[in-house]
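Protein chains get the first letters and strands the later ones, always in sequence-line order, with residue 1 at the start of each. The analysis underlying the following values was restricted to heavy atoms, covering all of them including side chains, and did not include hydrogens, waters or symmetry mates.
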Amino acid sequence: MGQEVNNEKVKILQGNEAIVEAAVAAGCRFFAGYPITPASEVAETMAQRLPQVGGVFMQMEDEIASICATIGASFGGLKACTASSGPGISLKQEGVGYASAVEAPIVVINVMRGGPATGMPTAVGQQDIMQAKYGSHGDYEIIALMPSSCQEAFDLTYKAFELSEHYRVPVYVLSDEIVGHTREKVRIPANLSPVERKKPAKENFQPYKAQANGLLDGMPGFNEGYRLLIDGQLHDEQGNRAAHLPDVCARLTERLCRKISDHADQLVDIESSYLEDAEIIVVSFGSPSRPSLRAVKDARAKGIKAGYLKLRIIWPFPETKLVELTAGARTLIVPELNIGRVVNEVKRAVGGQKEVVGLSKLGGLLHTPGEIQAEIERRAQACTR
Amino acid sequence: MHPLGEKYLRKNALPLLWCPGCGNGTILNATVRAIENLGIRDRLALVGGIGCSGWIPVYIDADTLHVLHGRAIPFATGLKMSDPNRKVIVFSGDGDCLGIGGNHFIHGARRNIDITVIMVHNQIYGMTGGQVAPTTPTASKTKTSPYGNPEMPFNGCELARASGATYVARWTTAHPRQLSKAIAEAIDHQGFSFVEVLTQCPTQAGRVIHGTADPAKLLDMIKANTISANAAKDKSAEELAGKFLIGTLHHDTQRPEFAGYYYEKIHKAAAAN
Ligand SMILES: Cc1ncc(C[n+]2csc(CCOP(=O)(O)OP(=O)(O)O)c2C)c(N)n1
Ligand code: SF4
Ligand SMILES: [Mg+2]
């Protein structure tokens with residue numbers, strides 16, 4: 001199906017399939033999941049592909065079991081992944097918190113649909129962005145990436161595995177129904193090597209002794225001679241329970257959060273165009289990025305100084321970089337497929353220095369370029385009036 | 001310290017957090033003896049649920065995952081499937097295994113995945129302070145059944161067997177030698193193995209259900225409530241009413257084990273690729 005050109009394979013893939021190909025390329029060898037629209041093709045393709053590379057696919061009895069098995073496999077020595085949507089992602093939340101607390105590198109794919117409860121099973125949404133960051137109880141931090149095309153579904157899934165290993169943290173790929181079900185050209189580099197899993201030194205080994213930067217140095221596995229104690233109860237550096245030791249618990253909780261927030265500058269992934277003289281910038285992420293870019297181009301053609309940003313990592317939120325990139329602009333427009341969530345992060349980041357307008361769309365349809373362009377024009381006129 | 005304790009206990013995790021007279025120490029002891037007899041320490045992957053009983057594997061100096069309430073079997077499934085040579089043992093309370101984790105339990109058994117589940121049956125939610133459990137006898141008064149438990153208790157062994165477990169045994173903390181032997185058999189068995197342990201919880205079940213916190217009296221009650229599976233064969237239904245059968249209740253070596261079966265498919269698919 002694919003053809004090889006200049007050291008890369010070009011394939012026509014569905015977004016959900018691109019995620020699987022990236023996971024396999026990154027060295028993922030364990031997947032556990034449970035069927036749900038619009039994420040089922042991830043599981044179906046994993047079921048087909050993983051055994052071909054010696055990997056394990058499991059359809060578990062529910063999404064809770066799926067994420068727990070994924071974490072078990074991660075400590076078992078394999079790069080591991082789970083995928084779901086809406087209700088299934090809700091069921092996984094206790095597991096996400098556990099993975100954060102024990103610092104298990106796992107990748108969680110959320111092919112977002114819309115609405116609470118059963119919601120809109122076959123229609124797009126971006127209503128789980130806040131859940132990704134805050135969905136489990138207690139203080140913790142995760143990383144979340146948002147693809148807007150099948151190519152990005154591939155690139156960002158590969159990157160998710162790199163980040164989860166490096167930071168030892170659950171990493172979300174917040175894809176959505178449109179990306180998941182679109183078929184388009186995906187370029188797969190031929191020389192892509194699996195993501196490395198570094199092993200900690202055995203001498204004076206302590207499972208939760210962090211480096212000065214707050215990160216654990218490598219990921220130990222079961223039956224490798226470490227005699228690990230891994231406990232979701234807050235623990236000391238040895239792994240022993242510390243719920244009765246306020247200082248130890250405070251230190252660990254702070255480190256779990258700061259090992260991500262302190263590295264926010266390294267975790268910036270933003271694409272931009274037409275920024276130089278831009279007065280009105282569309283700040284986009286995920287599927288709305290595509291009509292956003294179209295709208296900005298069309299507005300430019302009409303002589304409006306419009307600019308375009310695409311946030312490919314949404315958590316940690318790229319506050320500093322966003323402020324820097326939008327310094328010259330007067331207005332920021334934030335199109336999103338939810339009631340208006342990220343717009344508040346943008347407002348917080350720019351601190352009242354400029355007009356920030358939400359362009360929220362509910363109901364399971366993507367913004368058209370015309371809708372975004374109309375908002376750009378409205379803001380442009382408001383200023384010239 | 002006893003030489004076996006010296007060899008197998010995770011010293012920096014001590015002291016044990018259990019109440020004096022708790023049966024969990026007996027189960028820890030029986031497990032360590034089984035591990036010593038099998039000589040499998042380096043292949044062990046231990047998983048503990050949440051509850052007093054979930055702490056048993058924390059004290060064994062091997063590789064241990066102490067997980068979420070009810071979810072020990074799925075975590076164990078990930079460990080087993082990421083390396084089928086592992087010997088994976090789950091320690092789960094009766095609430096952990098049959099209440100919140102009940103669905104994982106029946107599906108683990110259905111798959112016949114090579115995991116050993118040691119279920120600590122103390123008739124109560126011990127760690128949270130004496131609430132009704134899925135194993136609490138009907139009419140018993142607990143903190144959350146103050147008018148008497150209106151529900152019928154689960155029979156863990158029958159549930160395991162009906163769900164597809166291929167090794168099922170029940171013993172008690174009054175039978176430590178037989179218990180250790182059954183645990184060794186269960187670990188050695190290729191398939192989903194289930195060992196239910198009737199045990200005393202003096203602090204909660206003792207005080208709340210039985211009106212005594214005396215471990216010796218509670219052990220006597222447990223003994224009086226059990227009958228060996230062999231002896232039970234000649235007894236009438238009336239004679240067996242309210243009694244727990246003890247011994248090996250089911251042992252099937254024919255049914256294919258999940259990890260071995262699936263890995264064969266994986267090897268074939270990989271070779272064909
Ligand atoms: C999701 C969730 N619900 C509730 C609890 C609180 N909890 C901790 S232990 C426990 C019950 C333990 O009872 P059992 O499994 O019988 O173990 P035992 O303490 O009796 O050994 C409960 C309800 C929890 N930790 N997590
Ligand atoms: S509450 Fe019961 S089960 Fe828990 S440690 Fe005390 S005696 Fe043992
Ligand atoms: Mg109990």
Anything under 30° is parallel, anything over 60° is perpendicular, the rest tilted; go ahead and classify [X] against [Y].
{"X": "B/Trp55", "Y": "B/His66", "result": "perpendicular"}
{"X": "A/Phe205", "Y": "A/Tyr226", "result": "tilted"}
{"X": "A/His235", "Y": "A/Tyr208", "result": "tilted"}

[X] versus chain A, the contacting section by heavy-atom distance below 4.5 Å:
{"X": "B/Tyr59", "value": "neither"}
{"X": "B/Ile73", "value": "neither"}
{"X": "B/Ala62", "value": "backbone"}
{"X": "B/Arg110", "value": "neither"}

(request) Specify the closest pair of heavy atoms between B/Gly130 and B/Ile124, including all atoms of both residues, with the distance to one decimal. (result)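 Heavy-atom minimum between the residues: CA-CG1, 3.6 Å.
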
(message) Just so I know, are the side chains of B/Leu9 and B/Met1 near enough to count as touching, which here means a heavy-atom distance under 4.5 Å?
(response)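 B/Leu9 reaches B/Met1 side chain to side chain.
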
(message) Checking side chain to side chain donor-acceptor pair (under 3.5 Å) between B/Thr166 and each of B/His189, B/Glu257, B/Arg255, which is the one that passes?
(response)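 Of B/His189, B/Glu257, B/Arg255, side chain to side chain donor-acceptor pair (under 3.5 Å) with B/Thr166 is met by B/His189 alone.
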
Check whether [X] gets within reach of chain B through its side chain, its backbone, both or neither, counting any heavy atom under 4.5 Å.
{"X": "A/Gln233", "answer": "side chain"}
{"X": "A/Asp231", "answer": "both"}
{"X": "A/Ala65", "answer": "both"}
{"X": "A/Phe30", "answer": "side chain"}
{"X": "A/Gln238", "answer": "side chain"}

(message) If you count heavy-atom pairs within less than 4.5 Å of chain B, which of A/Gly95, A/Cys68, A/Ala80, A/Ala69 leads?
(response)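 The answer is A/Cys68.
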
(request) Among A/Asp62, A/Ile67, A/Leu50, single out the residue with the greatest number of heavy-atom pairs under 4.5 Å to chain B. (result)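 So the answer, after comparing A/Asp62, A/Ile67, A/Leu50, is A/Asp62.
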
(message) side-chain contact (heavy atoms from CB on, under 4.5 Å), that's the test. Do B/Phe105 and B/Leu159 meet it? Break it down for me.
(response) CA-CA 9 Å; B/Phe105 176 61; B/Leu159 182 63; 3.9 Å; yes

(message) Heavy-atom pairs under 4.5 Å with chain A - which of B/Asp61, B/Val58, B/Asp42 has more of them than the others?
(response)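 The residue among B/Asp61, B/Val58, B/Asp42 with the greatest pair count is B/Asp61.
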
(message) Quick check on the interface: out of B/Ile50, B/Ile60, B/Thr77, B/Ile106, who has the most heavy-atom pairs with chain A under 4.5 Å?
(response)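 Most heavy-atom pairs under 4.5 Å with chain A: B/Thr77.
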
(message) Quick check: B/Phe75 with A/Tyr98 (ring centres under 6.0 Å apart)?
(response)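 A/Tyr98 vs B/Phe75: aromatic centres under 6.0 Å.
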
